[in-house]
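Please read these numbers as outputs of a predicted model, since none were measured by experiment.
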Amino acid sequence: MRVFRNTTLALLLIPGSLAGAAAAEPPLPDAIAAPGLTVALTTHAQGVQIYECKAGSDGKLVWTFREPIATLLLNGKTVGRHYAGPNWEHIDGSAVAGKVVANAPGKTASDIAWLKLSASAHRGRGVLSGVTTVQRINTQGGVLTGPCEVDGTFNSAPYAADYVFLQKGG
């Protein structure tokens, strides 16, 4: 009888645990959702957002985004890189460039925005060849704060994000 009670308790807990895990993953903001597309690849990025100190429209010096530099990781292994353009290159020789078409705020004020980008160019053959859309989600960090005092100086802010590469069909 004792084994039966423990088994029953375990069976009751498992569905609730699974439902909780699924519920913990919130849907993407509508602005960056891409219904009807299939995931070709999802990578995690670790890197920095580079900023340059420049005069803003009001003439005051402000940090202005210049470019990202990040390593793309899959299961803890380097599979590519992300850099200015924006561009993503995979170790199989394929690459995609993108153009921002929508954004949504990061989870905190220190997190860069989540993005939806449309593919604007491709190079090589491989996993990124058919990509039509790239999403930057789950951002952490990347926003630079603090004084910008010398025109032309550079600074960086560490960031992490997930990049989801999407394509048509299945």
Side-chain angles (χ1 to χ4, degrees), residues 25-57 61-146 148 151-170:
E25 188 74 29
L28 291 177
D30 288 344
I32 65 164
L37 296 181
T38 303
V39 175
L41 176 69
T42 300
T43 63
H44 181 71
Q46 290 283 143
V48 295
Q49 297 283 310
I50 310 248
Y51 293 84
E52 183 175 1
C53 186
K54 289 183 169 183
S57 58
L61 293 177
V62 295
W63 290 113
T64 304
F65 175 71
R66 181 180 171 95
E67 64 187 313
I69 299 175
T71 299
L72 300 179
L73 305 161
L74 181 62
N75 300 322
K77 295 184 178 168
T78 299
V79 296
R81 66 188 188 119
H82 172 48
Y83 57 94
N87 288 282
W88 296 266
E89 287 183 1
H90 192 270
I91 58 174
D92 69 5
S94 62
V96 62
K99 179 180 178 183
V100 175
V101 293
N103 65 64
K107 290 184 179 180
T108 73
S110 62
D111 299 334
I112 55 176
W114 292 22
L115 300 177
K116 179 179 178 181
L117 303 100
S118 177
S120 58
H122 293 88
R123 291 188 321 275
R125 289 270 161 229
V127 71
L128 300 179
S129 298
V131 168
T132 59
T133 303
V134 179
Q135 294 168 319
R136 179 176 74 190
I137 61 173
N138 303 324
T139 57
Q140 296 176 328
V143 173
L144 185 63
T145 57
C148 168
D151 189 32
T153 58
F154 296 90
N155 204 340
S156 62
Y159 91 105
D162 293 328
Y163 288 97
V164 182
F165 300 91
L166 303 158
Q167 62 190 18
K168 293 179 181 169

Beyond-backbone contact of [X] with [Y], side-chain heavy atoms, under 4.5 angstrom:
{"X": "Trp114", "Y": "Pro105", "value": "no"}
{"X": "Thr38", "Y": "Leu166", "value": "no"}
{"X": "Val134", "Y": "Tyr163", "value": "yes"}
{"X": "Asn155", "Y": "Trp63", "value": "yes"}
{"X": "Val39", "Y": "Leu41", "value": "no"}
{"X": "Val48", "Y": "Pro68", "value": "no"}

Q.
Please determine whether side-chain contact (heavy atoms from CB on, under 4.5 Å) holds for the pair Phe65 and Gln49, giving the CA-CA distance in whole Å, both sets of side-chain angles, and the decisive distance to 0.1 Å.
A. CA-CA 7 Å; Phe65 175 71; Gln49 297 283 310; 2.7 Å; yes
Q: Test Lys116 against Val100 for side-chain contact (heavy atoms from CB on, under 4.5 Å), laying out the working first.
A: CA-CA 6 Å; Lys116 179 179 178 181; Val100 175; over 6 Å; no
Measuring from atom [atom1] of [X] to atom [atom2] of [Y], what distance do you get when rounded to the nearest 0.5 angstrom?
{"X": "Ile50", "Y": "Ser156", "atom1": "CD1", "atom2": "OG", "value": "5.5 Å"}
{"X": "Leu144", "Y": "Ser110", "atom1": "CG", "atom2": "OG", "value": "11.5 Å"}
{"X": "Lys107", "Y": "Ile137", "atom1": "NZ", "atom2": "CD1", "value": "9.0 Å"}
{"X": "Leu61", "Y": "Cys53", "atom1": "CG", "atom2": "SG", "value": "4.5 Å"}
{"X": "Ile112", "Y": "Thr139", "atom1": "CD1", "atom2": "OG1", "value": "5.5 Å"}

For a quick test of reading the model, state the closest non-hydrogen atom pair linking [X] to [Y] and the distance between them.
{"X": "Lys54", "Y": "Thr64", "value": "CB-OG1, 3.9 Å"}
{"X": "Val127", "Y": "Ala40", "value": "CG2-O, 3.7 Å"}
{"X": "Ala160", "Y": "Gln46", "value": "CB-OE1, 3.4 Å"}
{"X": "Leu115", "Y": "Asn103", "value": "CD2-CB, 3.5 Å"}
{"X": "Val101", "Y": "Ser118", "value": "CG1-CB, 3.8 Å"}
{"X": "Ala45", "Y": "Leu72", "value": "CB-CD2, 4.0 Å"}

Q. Side chain of Ser129, backbone of Gly124: donor and acceptor closer than 3.5 Å?
A. yes
Q) Counting only N and O atoms by type, is there a donor-acceptor contact under 3.5 Å from the side chain of Gln135 to the main-chain atoms of Ile32? A) yes
Q) What pairs of residues pass the side-chain hydrogen bond (donor to acceptor under 3.5 Å, both in side chains) test when at least one of them lies in residues 65-79, not counting sequence neighbours? A) Glu52-Arg66
Q. Which residue pairs satisfy the side-chain hydrogen bond (donor to acceptor under 3.5 Å, both in side chains) criterion with at least one member in residues 83-97, sequence neighbours excluded?
A. Arg81-Glu89, His82-Trp88, Tyr83-Glu89, Tyr83-Arg123, Glu89-Arg123, His90-Asp92, Asp92-Ser94
**Q.** Residues Val143, Tyr159; criterion side-chain contact (heavy atoms from CB on, under 4.5 Å); working and verdict
**A.** CA-CA 8 Å; Val143 173; Tyr159 91 105; over 6 Å; no
Q: Check step by step if side-chain contact (heavy atoms from CB on, under 4.5 Å) holds for Val96 and Phe165.
A: CA-CA 9 Å; Val96 62; Phe165 300 91; 4.2 Å; yes
Q.
Please enumerate all residues that pass side chain to side chain donor-acceptor pair (under 3.5 Å) together with Asp162, with sequence neighbours excluded.
A. His44, Asn138
